[in-house]
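Below: the structure, in structure tokens.
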Protein chains: 2
Amino acid sequence: MTVAQPPKRARTRARIAAQALDLFDRQGYEETTVAQIASAAGVTEMTVFRHFPTKERLVLDDPYDPVIAAAISAQPRALAPLARTARGLRRAWQDLPEPDGEQVRRRVRVVARSQSLRASAWRNNADTEQIIAEQLRGDGVGALPARVAASAALAALMTALYEWAEHDDIPLSDVVLAALTTLDSGDA
Amino acid sequence: MTVAQPPKRARTRARIAAQALDLFDRQGYEETTVAQIASAAGVTEMTVFRHFPTKERLVLDDPYDPVIAAAISAQPRALAPLARTARGLRRAWQDLPEPDGEQVRRRVRVVARSQSLRASAWRNNADTEQIIAEQLRGDGVGALPARVAASAALAALMTALYEWAEHDDIPLSDVVLAALTTLDSGDA
DNA sequence: TGCCGAATGTTATCGGCTAACATTTTGCTG
DNA sequence: CAGCAAAATGTTAGCCGATAACATTCGGCA
């Protein structure tokens with residue numbers, strides 16, 4: 001067993017993540033202790049940290065960056081930076097698979113309800129923001145407008161997600177679309 | 001001594017804040033320990049926490065909310081939510097006193113350089129964001145567009161501040177104006 | 001089966017933060 | 001100016017998240 005990760009590690013990791021999400025959703029993020037999560041998953045605190053570098057990471061993850069950058073780059077350069085970013089994000093969103101409902105919603109809701117987690121989510125977005133900004137700059141936008149457009153667009157997106165998570169009846173795509181339209185009223 | 005706060009408390013508080021800013025600026029936020037701050041201020045750790053509820057609050061403060069809400073409300077309702085917010089913020093900014101340079105710049109720079117502080121700054125903004133959003137809603141904007149516009153505008157503002165803090169030569173008002181113009185290209 | 005390395009457990013420690021209680025300082029009042 | 005109550009600070013103890021060093025168990029393949 002020298003190379004690819006065996007199933008055991010993955011199973012433990014999944015167990016921990018599941019128990020964590022469960023506890024977070026039921027009692028709140030701050031109110032849940034890593035020790036609780038560990039014992040719920042039949043594991044030691046130490047093991048939790050070996051699978052997830054921080055408590056936040058039990059909830060926050062993000063693999064979307066490349067898709068987003070590409071979609072933004074594909075937008076016409078004639079557009080204003082913000083419009084280009086908004087349309088790029090809209091496009092990227094369409095290309096992404098609609099996530100499987102309830103699971104994601106619970107996750108987002110946990111984040112939405114913890115001030116500290118929302119803050120951390122922002123830190124998580126810093127990477128994405130930088131990638132967007134760099135993409136814009138490479139396409140001829142100045143440094144400040146690039147960063148501004150990127151951060152504003154991401155803020156809008158996050159806000160949309162949080163709003164969605166708290167209202168069971170709205171489809172995700174509608175909310176995201178509406179948010180991005182608030183940034184850039186033009187049609188795609 | 002039953003009523004108004006005597007000068008001593010204020011002096012101690014100021015001493016702590018000053019030493020903290022100094023240490024943060026020189027060695028970074030994460031790298032500075034509350035114990036260090038305390039001892040630099042000739043005081044106990046406990047006392048630091050009695051003056052500032054958390055370490056973050058040694059850097060982050062914000063008294064601007066009311067001005068902002070008023071300025072946004074004064075904008076014409078015919079405008080799109082984002083445009084109204086951007087122009088309101090621009091207006092509020094003009095009404096505020098230009099802060100006294102270096103002191104503020106150091107503070108912002110400390111925040112800009114710490115991912116975790118930037119994240120916390122966002123949490124700090126949550127109040128302002130809500131106030132802006134409520135103002136917009138009261139003026140006839142839907143819930144989602146209101147929140148989206150508020151968060152996007154604030155994100156833009158913060159980004160401008162960070163950019164400014166890292167470049168000694170640019171005047172603050174220029175950066176802020178440029179950022180808000182990226183959101184809403186129309187003239188005021 | 002026996003072995004090697006991966007996965008987990010132990011123990012100790014650090015930094016931010018809180019609570020309960022003791023002590024000093026402050027500045028007014030007599 | 002003496003004395004007193006409240007305010008300000010100190011002391012001690014502890015919780016929680018996180019990290020490090022070292023020991024132990026487990027899992028699968030030769």
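Chain naming here is simple, since letters A, B, ... match the order of the sequence lines and numbering starts at 1 in each.
For B:Thr44, counting side-chain heavy atoms from C-beta on, the closest listed nucleotide (D:dG17, D:dT11, D:dA8) is D:dT11. Here the side chain of B:Arg9 is nearest to one of D:dA8, C:dG16, D:dA18, namely D:dA8.
Atom CE in B:Met46 sits about 12 Å away from atom C1' in D:dT12, given to the nearest Å. A:Phe52 has its CZ atom 16 Å from the C1' atom of D:dG17, to the nearest Å. Counting to the nearest Å, the C1' atom of D:dC16 and the CD atom of A:Glu56 are 14 Å from each other. Here the P atom of nucleotide C:dT25 and the CZ atom of B:Arg11 are 14 Å apart, to the nearest Å. The nearest whole Å value for the distance from the CD atom in B:Glu30 to the C1' atom in C:dG16 is 12 Å. Distance, A:Phe49 CZ to C:dT11 P: 18 Å, rounded to whole Å. Rounded to whole angstrom, the span from the CZ atom of B:Arg15 across to the P atom of D:dT9 amounts to 8 Å. For the pair B:Ile16 CD1 and D:dT9 P, the computed distance is 7 Å after rounding to whole Å.
Electrostatic pairing of A:Arg106 and A:Asp22 counts as a salt bridge here, judged by a charged N lying under 4.0 Å from a carboxylate O.
For D:dA8, neither phosphate oxygen OP1 nor OP2 lies less than 4.0 angstrom from any side-chain nitrogen or oxygen of B:Thr47. Taking only side-chain nitrogens and oxygens, B:His51 comes nearer than 4.0 Å to OP1 or OP2 of D:dT9. Regarding contacts with the backbone of C:dG16, every side-chain N or O of B:Thr54 stays at 4.0 angstrom or more from both OP1 and OP2. Note on B:Thr33: every side-chain N or O is 4.0 Å or more away from OP1 and OP2 of C:dC14.
Comparing A:Arg50 and A:Val34 by the nucleotide of DNA chain D that holds the closest heavy atom to each, the one mapping nearer the 5' end is A:Val34. Taking the nucleotide of DNA chain D with the nearest heavy atom to each of B:Glu45 and A:Pro53, the more 5' of the two is matched to B:Glu45.
Atom CZ of A:Arg137 has 12 or fewer heavy atoms from other residues, nucleotides or ligands within 6.0 Å. Shown here is B:Arg57, whose CZ atom has no more than 12 heavy atoms of other residues, nucleotides or ligands within 6.0 Å.
Under the 6.0 Å distance and 45° angle rule, B:Lys55 does not count as a cation-pi partner of B:Phe24.
The cluster map of Ile, Leu, Val, Met, Phe, Trp and Tyr, joined by side-chain heavy atoms under 4.5 Å apart, puts B:Val104 and B:Val175 in the same cluster.
Within the 4.0 angstrom heavy-atom criterion, no nucleotide atom of any strand lies near A:Ser116.
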